[in-house]
Amino acid sequence: MALRQMDSLPVEEGTRVLVRVDFNVPLAEDGTVADDTRIRESLSTINRLRERGARVILMSHLGRPHGRPDPKLSLLPAARRLQEILGSPVTFVPATVGHEAEAAVAAAGPGDVLVLENLRFDPREEQNDANFARALADLGDVYVNDAFGSAHRAHASTEAVAHLLPAAAGDLLVRELWALDDILGRPDRPYWVVVGGAKVSDKIGLLKALMPRADGMVVGGGMANTFLAAAGKSMGASRVEPDAVTAAAALMNDADRLGCPIVLPVDVVVTTEFAAEAAARVTGVDSIAEGEMALDIGPQSIRAIEAALRDARTVFWNGPMGVFEWDRFREGTDAVARILAGLDARVVVGGGDSVSAVNQTGLQDRLTHISTGGGAALEFLEGRALPGVEALQMADE
Ligand code: AMP
């Protein structure tokens, strides 16, 4: 990939480096940062720029404020967490562009770090608006994009601004692209794809794109219900997407044609109530009663997955096998994490929920790469161009 990297940018003592980071972190009830993985993953870029004496101006979005200021989605907690991690002051700027932001940057010295307010408080961010991009560009001398999680969006801070300043990819963006490019282009075989999560409709594109490349697929989680329904099973009160049953049937036909086995659950953990403490039982997928819903895969399914993946040399995993947020329905997801951690294989995990699921098991260090980007990782593996990355390549020409 002909990506311009940070080291090639003209950065000297005092250079204003505008960095698009992905601080779109989950917040706890009390408003503090619940999971700071994305902040920690950006440290390499931030620290290396500081070492070169840059004034580091960080910008990000958080959540979906729909173009309006929303105090609950301020980046202040993220700035505070960054300050704790760095152990040196971080200036939070309660504005994105304009006089206040410009004054804060002007007052900063070499090595200082600033965090601007949530970019999506301004509707022009998501519109990829040229004037907003210009106002952002006014804050920096050079631009670095380190927000892999937002690289699939053509927004002012990821796309338009990259054409206005000397631009380069940050360390995290480069790391992510290399890890994913490796499994996209040159997977060691057998190459297996494990998908779960709530909805098939979100992942049809991914499954279609990966099927011709993969040697097999495991489908679990809520989306397996739609496949099982397409295979003629009665799914009781399980969440099935009626509009996606035909697509699931077509995918299973394609899989047959391509010789790419799809491993579906053979047993599931069911309950009659969608609740954390609901009484649960394990049943085969042929005997789900009316009123019962499948919220996790069962022990036989876990054994089948283990057997299917035994020889895998490359695995991409996206999406939990069940409602892993609730202890009663997390065993399938935990088991898959354990199986993957025990393989002699390159294992890449992509997608927000799969990342929390892996972190919950404490096995994250035993996997090859855990992507910080959900949608971006999926789009990249579907073979789609990421506008945030494309913009950096064009800037290099
Ligand atoms: P996704 O964002 O598509 O990866 O979906 C993740 C969500 O899917 C998690 O919040 C899980 O609780 C949910 N999920 C996984 N399995 C099921 C299931 N069998 N029924 C309902 N929700 C599920």
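One-based numbering, in listed order, for ligands and for the atoms of each.
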The salt bridge (Lys or Arg N to Asp or Glu O under 4.0 Å) partners of Glu84 (sequence neighbours excluded) come to Arg81
Does any N or O in the side chain of Asp188 come within less than 3.5 Å of the main-chain N or O of Thr314, such that one atom is a donor and the other an acceptor?
-> no
Next on the checklist: Grouping I, L, V, M, F, W and Y whenever their side-chain heavy atoms are under 4.5 Å apart, do Leu363 and Ile370 come out in a common cluster?
Outcome noted: no
Per the under 4.0 Å non-hydrogen criterion, ligand 1 touches Gly197, Ala198, Lys203, Gly221, Gly222, Ala294, Leu295, Gly319, Pro320, Gly322, Val323, Glu325, Asp353
Besides Val323, the hydrophobic cluster formed by Ile, Leu, Val, Met, Phe, Trp and Tyr side chains linked at under 4.5 Å, directly or via other members, contains Val269, Phe274, Val282, Met293, Leu295, Trp326, Phe329
Q.
For Val90, is there any backbone N or O sitting under 3.5 Å from a side-chain donor or acceptor partner on Gln83?
A. yes
Hits for salt bridge (Lys or Arg N to Asp or Glu O under 4.0 Å) against Arg239, two or more places apart or cross-chain, chain-then-number order -> none
